Amino acid sequence: MHVESEILSRTGGRAIAEVSFDSDAIAARVAELGREITDHYPNGDLLVLGLLKGSFIFVSDLVRAIFRPHQVDFLVAASYGSGTSSSGNVRLLYDPETAIAGRHILLVEDIVDSGNTINRLVRLLRARGPASLEICALLHKRIAPDLALEPRFVGFDAPPKFLVGYGLDHAEDFRHLPFIASLKA
Ligand code: PRP
């Protein structure tokens with residue numbers, strides 16, 4: 001199938017402006033991130049904590065690229081609703097039962113935009129006494145003024161556009177796209 005028509009069939013005819021990161025570029029970078037994370041944690045109990053819903057595809061790929069024992073759990077937070085900018089009100093919709101205290105915690109985000117989500121979750125997780133807390137973000141817009149914790153592992157610097165695909169949505173659409181793209185204005 002022609003690439004354009006394949007994209008249109010995936011999006012139901014809604015046009016995207018530009019593919020920012022294709023699936024090959026994402027796969028190559030995720031493999032590198034897996035190696036960086038494997039090397040960073042020579043020992044200790046590691047919990048990979050994925051932030052849903054946006055990180056669901058990234059976490060699935062990332063954990064298979066980490067070559068050391070670890071466990072996986074998820075948090076569910078939301079702040080965007082159906083708009084294209086953060087509401088600033090980060091709601092925690094699911095909080096895991098998994099113990100945090102004394103373990104290395106790697107919080108996995110799909111994208112750091114305003115930083116509101118990270119700032120809220122870092123406060124919450126630090127209060128639970130982890131052995132260490134780091135963030136892995138697939139995309140970082142680098143516009144957040146005061147992040148409570150700068151991500152140690154970053155996939156790509158993101159362009160200043162509204163991005164969808166590979167887990168990222170607009171009003172819950174486009175999460176299933178295998179690439180990351182910007183939407184037509
Ligand atoms: C999006 C995205 C990040 C967060 C980043 O989540 O998945 O978690 O916003 O934005 P911020 O840095 O401005 O806080 P959203 O609230 O849309 O929920 P979702 O993960 O279910 O898509």
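In this text the structure is predicted, and so the values were computed from the model without any measurement. Remember, it's 1-based here, ligands and their atoms both numbered in the order they're listed.
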query = Heavy-atom contact under 4.0 Å between Gly167 and ligand 1?
reply = no
message = So, 4.0 Å and heavy atoms of Lys141: is ligand 1 close enough to count as a contact?
response = no
inquiry  = Just checking His40 against Phe153, ring centres under 6.0 Å apart?
reply    = yes
inquiry  = Quick check: Phe179 with Phe21 (ring centres under 6.0 Å apart)?
reply    = no
query = Which atoms of ligand 1 have any heavy atom of Ala77 under 4.0 Å away?
reply = 18 (O)
ask   = Which ligand 1 atoms, with their elements, are less than 4.0 angstrom from a heavy-atom of Asp110?
value = 2 (C), 3 (C), 7 (O), 8 (O)
request  = Could you check which of Ser114, Gly50, Ser55, Ala137 puts a non-hydrogen atom nearest to atom 13 (O) of ligand 1?
outcome  = Ser114
query = If you measure from atom 14 (O) of ligand 1 to every heavy atom of Ile118, Thr117, Leu163, which option wins on shortest distance?
reply = Thr117
query = Heavy-atom contacts under 4.0 Å between Leu52 and ligand 1: side chain, backbone, both, or neither?
reply = backbone
inquiry  = Can you list everything that forms a salt bridge (charged side-chain N to carboxylate O under 4.0 Å, His left out) with Arg123? Sequence neighbours excluded, please.
reply    = none
message = Under a 3.5 Å threshold, yes or no: a donor from one side chain and an acceptor from the other, between His140 and Glu150?
response = yes
message = Under the salt bridge (Lys or Arg N to Asp or Glu O under 4.0 Å) definition, can you give me all pairs with a residue in residues 176-185, not counting sequence neighbours?
response = none
message = Please check this pair: side chain of Thr38 against backbone of Phe67, looking for a donor-acceptor N/O pair closer than 3.5 Å.
response = yes
